[in-house]
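The figures here come from the full heavy-atom set of this structure, side chains too, leaving out hydrogens, waters and symmetry mates. Protein chains get the first letters and strands the later ones, always in sequence-line order, with residue 1 at the start of each.
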Amino acid sequence: KPAVVYDLGGRNDKSFNESAYVGAEKFKADTGIAFQDFEIQNDSQREQALRKFAERGFSPVVAIGFSHAEAVKKVAAEFPDTHFAIIDMVVDAPNVASIVFKEHEGSYLVGVLAALASKTGKVGFVGGMDIPLIRRFACGYVGGVKATAKDDEVFQNMTGTTGAAWTDPVKGGELAKSQFDRGADVVYHAAGGTGIGVLQAAADAGKLGIGVDSNQNGLHPGKVLTSMLKRVDVATYNVFKAGQDGTFKAGVTVLGLAEGGVGWALDDNNKPLITPEMKAAVDKAEADIKAGTVQVHDYMSDSACPY
Amino acid sequence: MSGPSRELPRWVDLGLIPLINLIAAFLVTSLVFLAIGESPIESVGIMLNGAFGYGSGLGYTLFYTTNFIFTGLAFAVAFHAGLFNIGAEGQAYLGGLGVALVCLPLGFLPMVIVIPLAIIGAALFGAAWAFIPAYLQAKRGSHVVITTIMFNFIASALMIYLLVNVMSPKGSMNPETRTFDPNAHLPLIHDVFAGLGIEIARSPLNLSFLWALICAVVIWLMLWHTTLGYQLRVLGANPAAATYAGMKPPRLIIIAMLISGALSGFLALNEIMGSQNRLLLEFTAGYGFVGIAVALMGRSHPFGIVLAAILFGALYQGGADLSFDKPTVTRDMIVVIQGLVILFAGALEHMFRPQIARLFQGSRFKAREA
Amino acid sequence: MASTKAMAAPPAIALAHIDKRFGPVHANRDISLEIGKGTIHGIVGENGAGKSTLMSILFGFYQADSGEISVDGEVTRIMSPTDAIKAGIGMVHQHFMLVGKFTVLENVVLGAEGGFVLNSGLAKARRELERLEKDYGLQVDPDAVIDDLPVGLQQRVEILKALYRGADVLILDEPTGVLTPSEADHLFRILRQLKAQGKTIVLITHKLKEIMAVTDRVSVMRRGEMISTVATADTSPEQLAELMVGRRVLLRVVKSEREPGRTVLEVKNLVVKDASGTTKVNGVSFVVRAGEIVGIAGVAGNGQSELLEAITGIRPPSSGEIRLNGKPLPCDAAEARAQKLAHVPEDRHRLGIVTSFDACENVILGYHGDELYQKGIFQDRRAIRSDTEKKMQDFDVRPQDPNLRLGLFSGGNQQKIVLAREIEQDPDLLIVGQPTRGVDIGAIEFIHKRLIAMRDRGKAVLLVSVELDEIRGLADRVLVMCGGDITGECAPETPEKQIGLMMAGAAA
Amino acid sequence: MEWLDLIAQVSGSAIRFSVPLLFACLAGLYSERAGVFDIGLEGKMLVGAFTAGTIAALTGSAWLGLLAAILASVLFALIHGFASITHRGNQIVSGVAINFIAAGLTAQLGETWFKLGGQTPQLTNDARFMGYAWPFADALRGVPVLGQIYSQILSGQNILVYLAFLAVPITWWLLYRTRFGLRLRAVGENPAAVDTAGISVPSMRYAAVACCGILCGFAGAYLSIAQSAGFIEHMTAGKGFIALAALIFAKWRPVPAMWACLLFGVLDAISIRLQGVPIAGIGTVPVQLMQAVPYILTVVLLAGFIGHAVAPKAGGVPYVKEK
Ligand SMILES: Nc1ncnc2c1ncn2[C@@H]1O[C@H](COP(=O)(O)OP(=O)(O)OP(=O)(O)O)[C@@H](O)[C@H]1O
Ligand SMILES: Nc1ncnc2c1ncn2[C@@H]1O[C@H](COP(=O)(O)OP(=O)(O)OP(=O)(O)O)[C@@H](O)[C@H]1O
Ligand SMILES: [Mg+2]
Ligand SMILES: [Mg+2]
């Protein structure tokens, strides 16, 4: 029996927790195997939840979010026969699968698209909280923009300093508006629920938004340029699947473009927005990255962004 | 605190009535369970069992209780001096910084040295964060409610900055410090017992629980058995009388807030030094705000606060277990239930008082007349 | 009661078998009373006798547990002040029921605004007030803010409120407790006028002099019971006093001649400003010597309060000097106490006590630092309790329960506790403001005895009171304050008229 | 010209920021002026936002959404009243309870009803209060100052914005010019006086908390169906507490309340605008500092200019006749 433990954001965070949930649901739909999940209310519940699941013979147990690292390390040691997985963080243990994403690569691609779509030569980014993970998104995005249009301007805003930063669509909208005021006409968000407000503001102002994590193109058809996909759902699904047919293997999995772990969304909602040239350009960039001819800088590697 | 002052026997006031209120609270909660098609009996059963029924459950309950004792006391002390300190959240956050600044560099020292230092660190930083609002209230009359709200926000900004740019190890994904050295971990109760050769279930419950109880006693003594406490209470009850009696309100205001801030800071002992063993974002998780309810439901009396804290600890832990066992009961349901208990056991505490009062007074006249 | 029955017209108010308990307290016991139309009816009784309660019941503020009320001969159910107002009953409460931040006009119309939008109602009220002013000489600026008005005027507003609502029966609960003699006289003139207009008035007071002066009939209450009702003409203060207290009471102060000793308090050109910065005391100088009581007479609001506050270290003076026993006295209440200055404040409810604390904790107020009350770092509960018990005994405070919340004591007893606290410190200088305000005659007699005793023990006493009799009875020297200046000094024997003139500003 | 634009834009966003604060702040004003403290503003806003989002989504009508929001938030206000007026409970505890229940309930119901992860369905524009441009707004955009004020601040806001600022004079009028206001202020200063004047203290206070509920409803609706196109769990994000601060800042008076809320709005807008913008001499300051600026400045202003704020005398104290 598989299980998921979400991060503080909770199952409905419009972000990676939610897509983990989506993946799990899909697994349930495909295999008919029920899973159990838990939304923690505070940090002390991380360990508690993981341990409870392990005690009750759940496996694999997927922990969503880097904050679970310590807890996973601890509990995994207590239950060597239980399989654990952690998203967005590496935990080195014989029974833990660590899945990390190259958000910067995906962000790079949407950066390319943003640059091409922008008529003003100014684009924006709205992050939830100023933490390394979000800076990684931002850095990749800037990279993509600059690579496409060297002297395009990128405005960056962070929403807040408390948990509310992820659930404040109104503020998100304002941040986007202020960027539009400054001339931006495409804005990319990595801010969970706050981002809903960003995309809304873009739609209201007749500008373009860029979704994140899951495919948000459908929120405002024709108003969302694209979405940076971070396939936590796939990752979760795969871990569950592996657990089911006994192919679970510990160790680090890095999901980048090459592995299809990140990418950009193209569907009927945004097809009209993506001109052939844009498509060509972004495909080329994708190919280059896969081939390694283009190295997208990973903010994490040195806590700095060269672009 | 407020309400009809018709004096009732203490045991009725402090025992019977709260009990009846709790029962009422659970009855209403049952309705919620029925609404989502869960058996109330069973659900409440799970909550109670989860909170008190087994070792680690009880451990967690008392672990949360510790937090609430600290924040509850913090609010109560200021409240007795007529101050409304809703800055416990920020003061506790800074307290965490104090603990970290002791535990990170000095983790190599023996525990008997680190622990007192950490306590001091927590107190100092918590108090320091309360000082500015206190000073402004005392000298400029700036309303402490606003300033403390603002300082909560400022604290969160400051801490993110420090955790992301200064205190987190290079290249680490997490906005948190490295784990403290073993000597800088507050011993967990189950380890302590293990040391004595007694096996008890593991839980984050740690020595700071004892410290919390000690604080409760000390604060009780301070408030009702020392001149300082007396002065604080006079200030709170009748500021004019305080001046008449030759007390120095500004000084008292600052003292009250500093004590309050220090107590808030101790939250970090439990969460950071006792449980997480590293400084991380938003570990205060709203305990500061709930502390207000804890304090007021405990009638701002340390012993009442301890009881209220246990109630809230049980709600948190029992709730967690419930939502664990019953997927239909989400995290949000638990919050609703907590709210209902606060409403019925706290805000509506006088609902049944008149009836009960009538019962008892009836009998008491007879006694008098006879 | 037969005699009253005989009266032709039905009584304006008839109370029958009114009974009221507050929890354990039996405040009114089976009280029957008739109040004749167009009369002024006095009610006297000790603190806590049940006067206010009875009247609050008549006004519908409290409901009686049993008994009935008839107005103009008709049984009327008065369940709320609204009913009372409808029945033409108005009440001036002992503790004023005014909104301090509001203007006079706003307070008057409150509850009788007439119309949702105010200004029409306010205009009407303004005219009505002018009329009442003319009819009864109730001058007061309709646009003044209550908090800025002296109590005398505040009370006038209370009366206006009642009249504005067309009250035919007017209840006044201890109206003169806070008034200066001149204000009181004015009040009584107004009352007589009202009576002349056919209004009925119920007057509660602790001052028998007033009873004798204005009432037609007077009822005496004791411990919640109605002892008797007599025509004022057929009784005497002494008799009333005895009825009230149940023993003979000495109504005037006896004190022996005494030679004052060394100077204890010396005040030199003291200037004090109030919170708003206006000068309240401008350059007064005087001395108080050991073994004398110096009384400061004056119409309330002429700087006495600020003077006391400055001397006792509550309000910093802006210039001048204060010396106690020759040493300069810093403006610091704690320091003042340390130098053996004790202070019984004018406004006990605001300054002198903490009503939510019990007697014990009130007895140490101001002296909480004394080592007598300390045991190591802790307060010595036992010592405090026994000390409190002793003081409550000495000043026979009733009920004698050290753990009772002070709010539950009657004003008289609250006052006794404050006095006990300050006098028992055996200070060199005792500063007393309005020592007998709202206090019954039994207690007054007692308090006066105590003050004399202080003086006879060779202590210095500075007494501020609006009660001229009190000052003339107690003081060895009388200073008259007016407009922040000491306008004159005179012997207590000086006739009231003359002192009154000096209080009004005429030089001695 | 450049910076004129900047000012115009900043003020535009400042206004949008201040509107929910203003509604909530005035809401608190009614309640607290009547002597009932209310830290449950946050919760009532949240309830309002949720109901507005839900009903607007179901009926496709913004106005019905608003109405529902008002009803729901009044309901919660009445619960607060029941606890703190009828049963003389502690007003703070009651407020905390309201916040808990609101936070949990809205998230839960949203999820169970719509299965959109605690969100209410995306609203189409005609189910929202959309800003609409005034005549010639665009034409006048170029005109310095007046034109900019007209086209970038006055014009293009949604109806609730205008209502919010209209609520200020209305509140002022109600409070200081009507019987209702007189009694409301009186009951917050000296309930006994009101009682002896033959007015029921409880009913006055209930009326006051009801008004509070109504305005919180507006605040919530503004968040979910004007600013955004749907409800998202916890979307009030602490605005209730800022509103409370603004109320005290304004010393419980309507017009200053407006200035206080605008102040918070301006500070917020500025801090957004200055994020990541290098400041002459200092260079780019950390984001967090910029984000803290509004709060720091608030404290400074408070300490520097506002001074002593005196709450309504009877505030927070339940009215007990038989002491
Ligand atoms: N609000 C109240 N609640 C409970 N008991 C009360 C209340 N008011 C009065 N009592 C009780 O009723 C008794 C009579 O009180 P009351 O106010 O009538 O005395 P009183 O004659 O007015 O005293 P005083 O002359 O000091 O005004 C008091 O001794 C008190 O114990
Ligand atoms: N909450 C209460 N419970 C019981 N008795 C009370 C209460 N409040 C007042 N009393 C009683 O009511 C009586 C009168 O109360 P009140 O406040 O009028 O005091 P008072 O004697 O009139 O003092 P003063 O006239 O100086 O104000 C007192 O005997 C007091 O004991
Ligand atoms: Mg009385
Ligand atoms: Mg009295």
Q. Below 4.5 Å, heavy atoms only, C-beta onward: do B:Leu343 and D:Ile79 meet side chain to side chain?
A. yes

Measuring heavy-atom distances to chain B, does [X] have an atom under 4.5 Å in its side chain, in its backbone, in both, or in neither?
X	value
D:Tyr319	neither
D:Thr298	side chain
D:Gln291	neither
D:Ile39	neither
D:Phe37	neither
D:Ile98	neither

Atom pair [atom1] ([X]) and [atom2] ([Y]), whose distance is rounded to the nearest 0.5 Å:
X	Y	atom1	atom2	result
B:Leu296	D:Asn90	CG	CG	4.5 Å
B:Met150	D:Leu301	CE	CG	10.5 Å
D:Tyr295	B:Ser156	OH	OG	7.5 Å
D:Gln108	B:Ile36	CD	CD1	7.0 Å
D:Phe100	B:Leu315	CZ	CG	9.0 Å
B:Arg353	D:Arg88	CZ	CZ	10.5 Å

Residue [X] versus chain D: region with a heavy atom under 4.5 Å:
X	answer
B:Phe84	side chain
B:Val290	side chain
B:Ile149	side chain
B:Tyr135	neither
B:Asn165	side chain

Q: Between chain D and each of B:Ile132, B:Val32, B:Leu158, B:Leu348, count heavy-atom pairs under 4.5 Å; write down the option with the most.
A: B:Leu348

Q: Look at B:Ile160, B:Ile154, B:Leu340, B:Ile146 and state which one has the largest set of heavy-atom pairs under 4.5 Å with chain D.
A: B:Ile146

Q: Kindly determine whether D:Leu302 and B:Thr147 satisfy side-chain contact (heavy atoms from CB on, under 4.5 Å), including the steps that lead there.
A: CA-CA 8 Å; D:Leu302 193 64; B:Thr147 46; 3.7 Å; yes

Q: Kindly indicate, with the supporting measurements, whether the criterion side-chain contact (heavy atoms from CB on, under 4.5 Å) is fulfilled by D:His87 and B:Phe352.
A: CA-CA 9 Å; D:His87 289 295; B:Phe352 306 101; over 6 Å; no

Q: Could you tell me whether the side chains of B:Thr330 and D:Glu111 share a donor-acceptor contact shorter than 3.5 Å?
A: no

Q: Mind running side-chain contact (heavy atoms from CB on, under 4.5 Å) on D:Leu105 and B:Asp332 for me, showing each step along the way?
A: CA-CA 7 Å; D:Leu105 210 54; B:Asp332 306 309; over 6 Å; no

Q) Which one, D:Ser94, D:Ala83, D:Gly43, leads in non-hydrogen pairs under 4.5 Å with chain B? A) D:Ala83

**Q.** Most contacts with chain B, counted as non-hydrogen pairs under 4.5 angstrom, among D:Ala246, D:Ala303, D:Ala311
**A.** D:Ala303

Q | Closest non-hydrogen atom pair, B:Ala293 against D:Val96 | A | CB-CG1, 4.2 Å

Q: May I ask you to decide if D:Gly304's main-chain N or O and B:Arg140's side chain share a donor-acceptor pair within less than 3.5 Å?
A: yes

